[in-house]
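The first residue of the sequence shown is numbered 1, and numbering continues consecutively from there. Keep in mind it's a predicted model, so treat the numbers as computed, not measured. No hydrogens, no waters, no symmetry mates; every other heavy atom, side chains included, goes into these values.
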Amino acid sequence: MTEEIFLRGALLKWVHHFGVFKDCKDFVDSSLKEDPQVVLAKFHQLVDSAHDSLDKNELKTFLETYFQPPGSDTLRCQVEQSLPNWFDLQSQLKENFAAILSKTKDDKQESVLSWITYLFDCWRSLCLQVHPQVYEHPSRYTLIPWKKPMIVAGGRFREFYYWDSYFIIKGLLSCGLFTLARDMVDNLLDMVFMFGFVPNGGRIYYLNRSQPPLLSDMIAIVVKNWSDDNPSLLTFLHRALQGLEKEYEFFSKYRSVFIDDPPRKLNRYFVNATEPRPESFCSDNRLVKNWSEQQQRNQCFCGLASAAESGWDFSSRWLEDGCHLHTICTQNIVPVCLNSILLRMESQMSSLYQQYLSLASIEPLSSDIKSQLEQRIVWFHQQRSIRAQAIRHVLWDTHSLQWRDYDMKRKQWTQRKFCSSASNYLPLWSHSIEYLISSEKEAKGIVESFMNSGLLQNGGVLTTTFESGEQWDSPNAWPPVQDMLAEGFLALERFAPGCGAQQVASKIVTRYIQSSYHGWHQTGYMYEKYNGMQSCGQSGGGGEYEPQIGFGWTNGVALYFLRHYAEWIDSPLFP
């Protein structure tokens, strides 16, 4: 019944036909004052009495009578609950961020500390718990309830989002908020055990898709910051590994493809959608309104939902002609980004099993259990090697010294010769450089390739160098891209010292910090994305909704860079 109201059905169509909500997402995030069967019955009575000819005012009155506004399904919760000994915030922040403050001019230190304090304070406004009414009347809500406190993205994004959570967690740990970071991981593991994967976000309309699978990264960084006794860590790891096995199985079973002869297994984003996305019902329908063939419409809906699963919604990467959204064909693309993430996941799974085995050895293990653990270590190591070879064979461009998305329909790299993409360099972040790069000469060539690509601009790294009007294209610079590439180039420098990658990482970190600081200093806001062509912190734009402020992953990446990358930041940072 809930799905009939919010995901499909006549009410959803009437609401969007009249344009009652400026943002389509507002309707599907609202909640019911009565059970869905009651509301549907009342709606059918309304339609019958109007002889199938509703007017907008009648519908608005009906919505006011039976619906609660978006945001009524969550409550603010206290961040301090996650840090019982937090008595002196300023003193603690000065200690945590001493390295970056020491590189800041005396007359700027107060302003920078105020910025860091503001970033911490944002966690208070973004930290939500589920309203008790959701548990009492779950059918009245589209929210998927979570048990522990959760940091949401902000703005129109009132629920958790899967891959956002990784960058948020990095920021929480940079502030010393370990318990809250662990709570978020526990919530996401709950999702895996309920659904077999982590949904795109915390709403029922996201249950047909996931997002970039970064749960292993979240677990690894929480484990790295663990200071409790071994038994509690062992319990956490045991559950975490069970969850990761389920997620890995999901992506292996439902998102894998075979390329070339002999066949090489890689992965793609794929959502078998045959309807508009409820949260974007209007825009999806507008896109296909002139198409009469259902198969053509379904292909477009599949491409849109698959792109949403990628996190890069939308980008010229997914467009058959590289320019127009109606040519979207995400399901036909084997993306560099997803396979880099899964390669990293395979590396982390092997390492996490090794950590678990080491901790478990404190107490005697049966020979069978020990053998099973050792087999999983070896197996994931083998999968990592197999995937790295496939990436090298299918996605590596020896001429341009970067990796490229592969078009399965055309059996060649995607035809995006007019632009470059930040995703082309994400294998550097995969924890597997030694499997992917054959020599120091190649490493230097990759650095030169990146520097000549046009991706690195005054405000950071662009998602692509092509300006399509979509938000995951030029001129936008997104926080997760900055984080992943900065880490990737530092890893390349460790692999090939002196190749110039460290200088690239330094530029990425410095430009992102300068841009986000200047934007905050001028406006008081942190943006979801920035205009990467400028260093003044101007908000990015494009796409299917207005630019958002808040913002979870923006704050997380900034805090992580300030806490952990101070030595790589060019001086003076805040002129």
Main-chain N/O of L456 paired with K507 side-chain donor or acceptor, under 3.5 Å: no

Please answer whether the main-chain N or O of S430 pairs with a side-chain N or O of S432 as donor and acceptor at a distance below 3.5 Å. yes

Please report the closest heavy-atom contact between T554 and Y512, naming both atoms and the distance. O-OH, 2.9 Å

Could you pull out the closest heavy-atom pair between S420 and S453, with the gap in Å? OG-CB, 3.8 Å

Atom pair CG/CZ of N200 and R277 - distance to nearest 0.5 Å: 9.5 Å

Atom CE in M191, atom CD in E247: separation rounded to 0.5 Å? 13.0 Å

More than 12 non-hydrogen atoms from neighbouring residues, nucleotides or ligands closer than 6.0 Å to CD on E249, yes or no? no

Start with the C-alpha distance between F551 and D164, add both sets of side-chain angles, then the distance that settles side chain to side chain contact (heavy atoms under 4.5 Å, CB included), and finish with yes or no. CA-CA 10 Å; F551 195 85; D164 295 54; 4.2 Å; yes

From S515 atom OG to Y527 atom OH, the distance as rounded to the nearest 0.5 Å: 10.5 Å

Pick one: which of F270, F197, F195 meets ring pair (Phe, Tyr, Trp, His ring centres under 6.0 Å) with F250? F197

Can a donor-acceptor pair be found, under 3.5 Å and without considering hydrogens, that links the side chain of S210 to the backbone of V198? yes

Only one of W318, F466, W312, F314 passes ring pair (Phe, Tyr, Trp, His ring centres under 6.0 Å) with W472, and that residue is W312

S468 (side chain) donor-acceptor with C323 (main chain) under 3.5 angstrom: no

After noting the C-alpha distance and the side-chain angles of Y545 and E528, does the key distance pass the side chain to side chain donor-acceptor pair (under 3.5 Å) rule? CA-CA 12 Å; Y545 56 82; E528 173 193 32; 2.5 Å; yes

Pairing donors with acceptors under 3.5 angstrom, does anything connect the side chains of N298 and T274? no

With under 30° as parallel and over 60° as perpendicular, where do the rings of Y161 and F157 fit, or are they tilted in between? perpendicular

Look only at the side chain of R384 and the backbone of E346, and say whether a donor-acceptor pair between them is shorter than 3.5 Å. no

So, R563 side chain and S174 main chain: donor-acceptor pair closer than 3.5 Å or not? yes

If you define the side chain from C-beta out and look only at heavy atoms, does anything of L352 sit under 4.5 Å from L237? yes

Taking the six-membered ring for Trp and the full ring for Phe, Tyr or His, determine whether the centres of F450 and F489 are under 6.0 Å apart. yes

Note: I100 and A566 closest approach over all heavy atoms is N-CB, 3.8 Å

Which residue pairs pass the ring-ring contact (aromatic ring centres under 6.0 Å, His included) test when at least one of the two sits in residues 337-356, sequence neighbours left out? H238-Y356

For Y206 versus P199, what's the shortest heavy-atom pair and its separation? O-CB, 3.9 Å

Return all side-chain donor-acceptor pairs below 3.5 angstrom for residues 328-343, not counting sequence neighbours, or 'none' if the list is empty.
{"from": "T330", "atom 1": "OG1", "to": "G303", "atom 2": "O", "distance (Å)": "2.9"}
{"from": "Q331", "atom 1": "OE1", "to": "G303", "atom 2": "N", "distance (Å)": "3.4"}
{"from": "Q331", "atom 1": "NE2", "to": "Q299", "atom 2": "O", "distance (Å)": "3.2"}
{"from": "Q331", "atom 1": "NE2", "to": "Q299", "atom 2": "OE1", "distance (Å)": "3.1"}
{"from": "N339", "atom 1": "OD1", "to": "N267", "atom 2": "N", "distance (Å)": "2.9"}
{"from": "N339", "atom 1": "OD1", "to": "R387", "atom 2": "NH1", "distance (Å)": "2.9"}
{"from": "N339", "atom 1": "ND2", "to": "N267", "atom 2": "O", "distance (Å)": "3.0"}
{"from": "N339", "atom 1": "ND2", "to": "P335", "atom 2": "O", "distance (Å)": "2.9"}
{"from": "S340", "atom 1": "OG", "to": "V336", "atom 2": "O", "distance (Å)": "2.8"}

Ionic contact status for E470 with K529, cut-off 4.0 Å: no

Could you walk me through whether S316 and D473 satisfy the side chain to side chain donor-acceptor pair (under 3.5 Å) test, starting with their C-alpha distance in whole Å, then the side-chain angles of each, then the deciding distance to 0.1 Å, before giving a yes or no? CA-CA 7 Å; S316 58; D473 280 315; 2.8 Å; yes

Working to the nearest 0.5 Å, report the span between CG of L559 and CG of L119. 4.5 Å

Would you indicate whether the side-chain heavy atoms of L373 and L365 approach each other to under 4.5 Å? yes

Only counting residues at least two apart or in another chain, list the ones meeting side chain to side chain contact (heavy atoms under 4.5 Å, CB included) with W568. L490, Q502, Y565

How close do P475 and M533 get, counting heavy atoms only, and between which atoms? CB-CG, 3.5 Å

Side-chain heavy atoms of T398 within contact of W396, under 4.5 Å: yes

Using 0.5 Å steps for rounding, measure from the CH2 atom of W413 to the CG atom of D397. 3.5 Å

With the side chain counted from C-beta on, respond yes when S283 and L287 share a heavy-atom pair under 4.5 Å apart, and no when they do not. no

Taking the side chain as every heavy atom from C-beta outward, state whether Y248 and L244 have any pair of such atoms under 4.5 Å apart. no

Residue pairs involving residues 488-497 (criterion salt bridge (Lys or Arg N to Asp or Glu O under 4.0 Å); sequence neighbours excluded): none

Could you go through the side chain to side chain contact (heavy atoms under 4.5 Å, CB included) check for L455 and L485 one step at a time? CA-CA 11 Å; L455 288 165; L485 285 185; over 6 Å; no

Kindly say whether G550 contributes a backbone atom to a donor-acceptor pair with the side chain of N555 at under 3.5 angstrom? yes

How long is the gap from CD on E544 to CD on Q471, to the nearest 0.5 Å? 7.0 Å

Pairs meeting criterion salt bridge (Lys or Arg N to Asp or Glu O under 4.0 Å) with involvement of residues 326-345, two or more places apart: D217-R344, R344-E487

M150 side chain reached by L188 side chain, heavy atoms, under 4.5 Å: yes

Do any N or O atoms from the side chain of S385 and from the backbone of Q382 form a donor-acceptor pair under 3.5 angstrom? no

Got F160 and N187 here, is their nearest side-chain heavy-atom distance under 4.5 Å? no

Salt bridge check: are E442 and R392 linked by an N-O gap of less than 4.0 Å? yes

Without swapping roles, check the side chain of S449 against the backbone of S400 for a donor-acceptor pair under 3.5 Å. yes

Pairs involving residues 251-260, ordered by first then second residue, that meet side chain to side chain donor-acceptor pair (under 3.5 Å) (sequence neighbours left out): R255-E309, D260-H393

Could you check W478 against W553 for side chain to side chain contact (heavy atoms under 4.5 Å, CB included), going step by step and ending with a plain yes or no? CA-CA 9 Å; W478 288 80; W553 65 13; 3.3 Å; yes

Any salt bridge linking R239 with D190? Criterion: basic side-chain nitrogen under 4.0 Å from a carboxylate oxygen. yes

Does some side-chain heavy atom of K265 sit less than 4.5 Å from a side-chain heavy atom of I386? no

At their closest point, which heavy atom of I508 faces which heavy atom of Q482, and how far apart are they? CG2-O, 3.6 Å

Trace of the side chain to side chain contact (heavy atoms under 4.5 Å, CB included) decision for T414 with R404: CA-CA 7 Å; T414 53; R404 294 191 180 278; 5.6 Å; no

Under 3.5 Å: donor-acceptor pair, side chain of N476, backbone of G541: yes

